[in-house]
Amino acid sequence: MDRTVGRLWFHFSAVYLITAYICSLLYYEYDYISSKRIDYFCSSKPLFHQFTILVRAIPASAGRNISDSVENFFTEYHPSTYLAHTVVHRTSKLRGLINDAKTHYRRLVRLQSNPSQINSNRGSCFGLFRRKVDLVDRYGKRLGDIEQHLRLEQSQVSSAGKEVPAAFVSFKSRYGAAIAMHMQQSNNPVHWVTEQAPEPHDVYWPFFSSTFMQRWISKLGVAVACFLLTALFFIPVLIVQGLTNLNQLQIWFPFLKSILTITFISQIITGYLPSLILQLFLKMVPPIMECLSSIQGYISLSDIKKSACFKVLWFTIWNVFFATVFSGTALLQLSLVFEPKTIPTRLAVAVPAQASFFIAYVVTSGWTSSLSELINLFALISSLVTKPFSGNSDEELEVPSIPYHQDIPRILFFVLLGITYFFLAPLIVPFLLVYFGLEYIVYRNQFINVYAPKYETGGKFWPIAHSCIIFSLVLMHAIAVGIFTLKGLPLASSLLVPLPILTLLFNDYCRKRFLPNFSAYSAETLIKKDRADENDPTMAEFLDKLVTAYADPALMPVSFTATADSLRRPLMSTAEG
């Protein structure tokens, strides 16, 4: 008995030691990333989004269009720093026309480069030749009509009637842009709402026309949709839970009793199959969350990815960890909210019981995801399946970007498993070490040789990782309190109570110490950078480019006519003489 108690006190010491070690790592990592973020900003060349803000909810003025209102407002209240502005227009119809024109252009290229594709006319070779010429002429004529319609629509969109009450406003200095962004511009706080502009190629154009109320309603609708998705996901979770319980499986399917008595088959069904099924269902979650984030009114692709990353992370923690640990109904899980005092004891009973499942989950989801990432298995299968049915078979391949909203939640979930299970089931630690070793090797190769970033994140995903690790520590403390209570060590449970409080205080200190550097740069940094650029001879040229940097791509001139004319030239030339 004394030996068992001594082991429990050893686990008690391990909880304190690992908490102190992880918190020290979090502090130094937060400090390191924060300083690197500032160093990157100070060493970077002038970028358009550093001098630009987005202004929304521009109030309508009688006798003035949006452009004139913006010009008058910022000339009056920011006369020394204001440079120029670009009003946003409704261009959804233009984007559809441009996509249609690109589709016809690709068909023309395919007809010209691959004659064997046009084999519907099974007559003579002259019939095939004439058929191809007719198709080229038809697509070329259609392309010319679309291009003419596109120019007409562009001229109409540029009129005041197509303006959206939003504009990109550029300033002569970074400090001037920061002052305009952080100050309330109007006595009515829902008018002249400002935020930092993204990089020009990071702008997500479709949702600029949404008003303040529309964005608020869309966020509420997305929250409801996420809740419903979480509730619906209980169905595959219950299926997985049933597969892990052999007795329950025999009750559901009595005709399988003879097969389930075979050891090899029962081990596969209860060990490997549940985590595999769960992983297949989880593959659908990131695209759904990305779609939901895209309708919340975010103006940049990076903000959409960041929002989707947060949603996928907490969806995974709730539906994979808690829904699996508490092997019951949704009502049982909701009862934890109304009976918080029972959470530690329930966790102490339920979490260790699922250790074997999560070890299998690390192997099936973690190891296999690392290897599939190396060969891009899902992208390869998708390409092989969809390319024969796609009309864009000869379109130039696009270099993939880092799928933050898929990879970061998965890695952080395995961090949570490692923190919560390191003193309950140490056997999971070697499997996690192998997983993180594979991730390091694979992603080092992917970052260097495969992925090309579409935008600079500047370390903005780190606060999400920090919050998740803090949550994992507090969860571990709750489980430890419950376990020591069940084992009859009330003194150890009482001594652990201050630990989550100290952890949350540490998190609050880190948020106040480092998090402001992730939302904005200090006046010290901005002014030093602006003064350093005063002696830069290229700044005048940069500011000239800044005036038109945020023009909507749909309003830019698009011409396929010259290429189309070359595609309609005779396929066979006749030589004289």
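Keep in mind that the numbers below use all heavy atoms, side chains included, and drop hydrogens, waters and symmetry copies. Please read all numbers here as calculations on a predicted model, not as lab measurements.
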Intermediate values then yes/no, salt bridge (charged side-chain N to carboxylate O under 4.0 Å, His left out), Arg410 and Asp407
CA-CA 5 Å; Arg410 184 180 68 247; Asp407 297 339; 3.5 Å; yes
Close side-chain approach of [X] and [Y], heavy atoms under 4.5 Å:
| X | Y | result |
| --- | --- | --- |
| His477 | Val15 | yes |
| Thr457 | Lys305 | no |
| Ile179 | Phe171 | no |
| Cys226 | Met289 | yes |
| Cys42 | Thr525 | yes |
| Cys468 | Leu313 | yes |
| Val285 | Thr316 | no |
| Tyr298 | Tyr204 | no |

Hey, is the main chain of [Y] close enough, under 3.5 Å, to the side chain of [X] for a donor-acceptor pair?
| X | Y | answer |
| --- | --- | --- |
| Gln185 | Met183 | yes |
| Ser300 | Asp202 | no |
| Gln196 | His49 | yes |
| Ser307 | Ile304 | no |
| Arg56 | Val193 | no |
| Ser467 | Ile464 | no |
| Thr52 | Ser170 | no |

Quickly, which of Lys529, Lys45, Arg174 forms a side chain to side chain donor-acceptor pair (under 3.5 Å) with Gln50? Name it, please.
Arg174
Please lay out, stage by stage, how Lys460 and Arg37 fare under the test side chain to side chain contact (heavy atoms under 4.5 Å, CB included).
CA-CA 9 Å; Lys460 286 187 176 181; Arg37 174 178 165 82; 3.9 Å; yes
Between [X] and [Y], what is the shortest heavy-atom contact and its length?
| X | Y | answer |
| --- | --- | --- |
| Pro286 | Leu282 | CD-O, 3.1 Å |
| Phe431 | Val362 | O-CG1, 3.8 Å |
| Tyr16 | Leu495 | OH-O, 2.6 Å |
| Pro409 | Cys309 | CG-O, 3.6 Å |
| Pro46 | Asp533 | CG-OD2, 4.0 Å |
| Met181 | Thr194 | O-OG1, 2.7 Å |

Please list, chain by chain and in numerical order, all residues satisfying side chain to side chain contact (heavy atoms under 4.5 Å, CB included) with [X], sequence neighbours excluded.
| X | answer |
| --- | --- |
| Ile411 | Tyr435, Phe436, Glu439 |
| Ile402 | Tyr404, Phe447, Tyr451 |
| Ala20 | none |
| Ile441 | none |

Can you tell me how the ring of Phe414 sits relative to the ring of Tyr361, calling it parallel under 30°, perpendicular over 60° and tilted otherwise?
tilted
Holding to ring-ring contact (aromatic ring centres under 6.0 Å, His included), I want the full list of residues that pass it with Tyr40, two or more places apart in sequence or in another chain.
none
Ring centroid separation [X] to [Y] under 6.0 Å:
| X | Y | result |
| --- | --- | --- |
| Phe518 | Tyr30 | yes |
| Phe471 | Trp314 | yes |
| Tyr28 | Tyr32 | no |

So which pairs with a foot in residues 223-233 pass salt bridge (charged side-chain N to carboxylate O under 4.0 Å, His left out), sequence neighbours left out?
none
What distance do [X] atom [atom1] and [Y] atom [atom2] have between them, rounded to the nearest 0.5 Å?
| X | Y | atom1 | atom2 | answer |
| --- | --- | --- | --- | --- |
| Leu424 | Ile479 | CG | CD1 | 6.0 Å |
| Ile317 | Leu416 | CD1 | CG | 5.5 Å |
| Tyr521 | Phe41 | OH | CZ | 6.0 Å |

Would you indicate whether Tyr440, at its atom OH, is surrounded by more than 12 heavy atoms from other residues, nucleotides or ligands within a distance under 6.0 Å?
no
For a side chain to side chain contact (heavy atoms under 4.5 Å, CB included) check, start with the C-alpha distance between Val312 and Glu290, then their side-chain angles and the critical distance, and finish with the verdict.
CA-CA 9 Å; Val312 174; Glu290 184 179 11; over 6 Å; no
